[in-house]
Amino acid sequence: MVLSGCAIIVRGQPRGGPPPERQINLSNIRAGAMARRAAQGQPDTKDTPDEPWAFQAREFLRKKLIGKEVCFTVEIKTALGREYGIVYLGRDTTGENIADSLVNEGLATVRREGIRGNNPDQARLCDLEDQSKASKKGLWSEGGGTHTIRDVKYTIENPRNYIDSLHQKPINAIIEHVRDGSVVRALLLPDHYLVTVMLSGVKCPTFKREADGTESTEAFAAEAKFFTESRLLQRDVQIILESCPNQIILGSILHPNGNITELLLKEGFARCVDWSMAVYTQGAEKLRAGERSAKERKVRIWKDYVAPTANLDLKDRQFVAKVMQVVNADAMVVKLNSGELKTIHLSSIRPPRIEGEEKNKDKDKRFRPLYDIPYMFEAREFLRKKLIGKKVNVTVDYIRAATGPGESTPAFSERTCATVTIGGINIAEALISKGLATIIRYRQDDDQRSSHYDELLAAEARAIKNGKGLHSKKEVPIHRVADISGETQKAKQFLPFLQRAGRSEAVVEYVFSGSRLKLYMPKETCLITFLLAGIECPRSSRNMPGGVQVAEPFSDEAMLFTKELVLQREVEVEVESMDKAGNFIGWLHIEGGNLSVALVENALSKVHFTAERSRKLIRSFARGKERNGITIWANYEEKPVEEVVYVTEEKERAANYRAVYVTEICDTLHFYSQDVETGAQLENLMETMRAEIAAQPPVEGSYAPRRGDICLATFADGEWYRARVEKVESPSRVHVFYIDYGNREVVSSTRLAAMPPAFGTRTLPAQATEHAFAYIQVPQDEDVRADVVDCIVRDIQNTQCLMNVEYSGATCPHVTIQFGDTKDDVGLNLVKEGLVMVDVRKEKHLQKIVSEETGGGGLNIWRYGDFRADDAVEFGYRR
């Protein structure tokens, strides 16, 4: 360090800690005194300004010596311990004599009063001073040097305005003093403000002065101070002044060799502080990364550090799971790949809550947190719509130990707190940014917090600034939800409305058993108990007046099946009746499926006698019984049934042509068509769907396709269409079928998105219907079949035609199709052109319209003559 133009402080190489310091005063010369601030607490004293050329002399030495090796000889040591000597630049006395250089530049004067005539060093100094005077350098220049006196300002009148005026642009500065590792005194240039700057986002160990005047030192405080001093003290730096809370100036110091804030953290000399990290302009994630590196290496202040998840295996710290249930607004139940259910709490967030006085306002009223706490319902709905049934990435941040009940706090079991992401979006951050949760503040030494704590703080700051949710000044939303579960009289009043409504939207709030659910009806704003119609499901165990009713076999499996399929999902219900206890009975549909049918089909329920006329349930009942050995049909024995022979009467061919639009021709000579009558509905649905997607684009990669899913897919034209997932090879190869057009494609999962319920098949069924040509044999030869397909594509694809269903096939109806303008039969034209052969039907009413091809004309397949074998059906051979 350079104290002035004639005094420096030197230190040796560090060995096991900061080295001792030594002040050396230059012999035989004197430089001007630097400005000094008046002593604090002494009103009679005044600030002392610079002497002429004092600052320039100090700067000359600072630029020449700071950070360099020097050699010195001590000539005189006073009784008070002050040492005077000669300083040379370099490792020995052959280097540049610093006193000579100062005198030669006119920045110091020679003390002639103590000169001896036989001392060559003193004589040389006098000669140099005479030359400097003759050259009018420095002190000997005209004008007296008043222009060299700085106007040093020790305070800034309005520091906040001054910092704002800089717009976070770097300004030049000199570090004049280091108080501790993270607090420095800086001279701001060119205005010469001498201010104290605290490094943003970090705090180093400090030197504390006790009440009795003694100084206590925190561990590694001296090492941290030396680390900063050795790199910054009296160095030219740039400082970004970032904020000024409570008259404390926060900033970042930029040095050509790096950022001291990040270095302090990485070397374990400092820890991150939340209150000032938010203003750090160089990226808070860099500070967290530096601190994390020091913790992992357990260096210095982190030597005894133990990570919150140190006892967890890697597979338990990071995993992928499926969200089964959202618990209020800060927790969720997820299903692991092993099938285990686990409750996960979102790290470092606090859900909406109500103060004690508000909670006790209506003591007679039953308190329901989901509906009575402001914004709790909105927070739960946000998570439910975004997560239920989706796969998420879970990173465990810490495990909060179980706590016992306190005077005003309930007992909590052990909680696993984690960061949950889906499609790269941090769910906790999204929740906070919408003002639907707040962030928990921690003690500075509490490391049990989210690994993305800074992003959460920034999200909360944005929510407060924009007045979102809990931070809004508007009236809080009120949810008046009537719970009519078990209320017979109220249920009777609601029954006619629900019956007339047909299919009503609902959300499954709770699953009591495989067939007993609690539903929230958003339009009616009520909660009801709903029983599935048409089935008998095994009963779960429950408390009865006479004791606990034992659960029936497979009741838990049925309940788990129902939970996984419908819990907290948006469903549609059809209410048919109610029982004497006020429970509604009806059908529940989800994604085009019937829950009653699904339970029966999976052999987890029996068909109730009231539904034996339902053909769909009977078919499911039959498929379910085939699963004997693992379900409720394990001990079932099939009873013999007498065979019934049905006699059918011959019927006449019905010709009922309707207008269709042919959209796709397959290689098997099957084709897909749309009804012209419903074409306008499909166009309106597509237009509305694409407008909604454009307004709220889906998050790329957030959708995990599964076989059988109805989803959205982008075609080659860049537009969204409805599709069904047929096969998933990998995320980059998903086979989809466009249900409204009949074409198939292999796409990446990034081109897929979840289907909004408003545009699903319940709103408008799939428009592409598969058909085959009637009375036509499909050519076995691939080349011939390709010619036929090319001909059909050329004639009818993307055109309007007339179609009549002739008879049913194994996979699809067989039809005759006519051109829309000429009414000519497409199949007959193919026969006449010699491209296909006729498939003779055995039904008498169909034989009348079939005429055999002659094989004449030598066209196409007949160009080599009649190739049919003598045992062909056409020649009377019957197997």
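Owing to the predicted nature of the structure, the values given are computational and were not obtained by experimental measurement. For reference, positions follow the sequence shown, starting with 1.
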Problem - Any side-chain donor near an acceptor of the partner, Glu745 and His735, under 3.5 Å - result: no
Handout entry: Short side-chain to backbone donor-acceptor contact, Ser596 and Ala533, under 3.5 Å
Key = yes
Exercise for the section: Spell out, as yes or no, whether a donor-acceptor pair under 3.5 Å connects the side chain of Ser673 to the backbone of Tyr661. Expected result: no
Exercise for the section: Provide the full list of salt bridge (Lys or Arg N to Asp or Glu O under 4.0 Å) pairs with a residue in residues 468-482, sequence neighbours left out, each pair given once. Expected result: none
Listed pairs under 3.5 Å, donor-acceptor, residues 687-694 side chains, sequence neighbours left out:
unit_1: Thr688; atom_1: OG1; unit_2: Asn684; atom_2: O; d: 2.9
unit_1: Arg690; atom_1: NE; unit_2: Trp720; atom_2: O; d: 3.1
unit_1: Arg690; atom_1: NH2; unit_2: Trp720; atom_2: O; d: 3.2

Only pairs at least two apart or in different chains count here, so list each side chain to side chain donor-acceptor pair (under 3.5 Å) that has a residue in [range].
range            : value
residues 490-499 : none
residues 522-535 : Ser485-Thr529
residues 508-519 : Arg380-Glu509, Asp483-Lys518

Problem - Salt-bridge contact Arg762-Glu591 (side-chain N to carboxylate O under 4.0 Å) - result: no
Practice task
Determine, for Glu726 against Arg707, whether the closest basic-nitrogen to carboxylate-oxygen distance falls under 4.0 angstrom.
Solution key: no
Practice task
Please confirm whether Tyr721 and Tyr741 have ring centers closer than 6.0 angstrom.
Solution key: yes
Practice task
Examine Tyr672 together with Phe737 and report whether their ring centres are nearer than 6.0 Å.
Solution key: yes
Problem - side chain to side chain donor-acceptor pair (under 3.5 Å) between His589 and Glu574, worked out - result: CA-CA 8 Å; His589 306 273; Glu574 293 178 87; 2.7 Å; yes
Exercise for the section: Any pair with a residue in residues 472-494 that passes ring pair (Phe, Tyr, Trp, His ring centres under 6.0 Å), sequence neighbours left out, goes on the list, sorted by first then second residue, please. Expected result: Phe377-His479
Practice task
Show your working on side-chain contact (heavy atoms from CB on, under 4.5 Å) between Leu752 and Val734 and close with a plain yes or no.
Solution key: CA-CA 9 Å; Leu752 303 179; Val734 182; 3.9 Å; yes
Exercise for the section: Report, as yes or no, whether the 6.0 Å neighbourhood of atom NZ on Lys322 holds more than 12 heavy atoms from other residues, nucleotides or ligands. Expected result: yes
Handout entry: Candidate pair His814 and Glu806, rule side chain to side chain donor-acceptor pair (under 3.5 Å), full reasoning
Key = CA-CA 6 Å; His814 287 237; Glu806 302 293 345; over 6 Å; no
Exercise for the section: Using side chain to side chain donor-acceptor pair (under 3.5 Å) as the criterion, list what pairs up with Gln674, not counting sequence neighbours. Expected result: none
Exercise for the section: Applying salt bridge (charged side-chain N to carboxylate O under 4.0 Å, His left out), run through Arg751 and Glu700 and close with a yes or a no. Expected result: CA-CA 8 Å; Arg751 288 173 54 187; Glu700 185 176 301; over 6 Å; no
Exercise for the section: For Glu564 and Lys335, run side-chain contact (heavy atoms from CB on, under 4.5 Å): C-alpha distance rounded to whole Å, both residues' side-chain angles, the deciding distance at 0.1 Å, then the answer. Expected result: CA-CA 10 Å; Glu564 193 161 346; Lys335 184 178 181 181; 2.9 Å; yes
Could I get the full list of side-chain contact (heavy atoms from CB on, under 4.5 Å) partners for [X], not counting sequence neighbours?
X      : result
Ala430 : Phe382, Ile425
Ser433 : Ala459, Arg462
Asp675 : Arg658, Val660, Thr678
Lys390 : Ile422

Run the side-chain donor-acceptor check on residues 323-330: report pairs under 3.5 Å with partners two or more places apart or on a different chain.
none

Exercise for the section: Using the six-membered ring wherever Trp is involved, compare the ring planes of Tyr738 and Phe715 and label them parallel, tilted or perpendicular (cut-offs 30° and 60°). Expected result: perpendicular
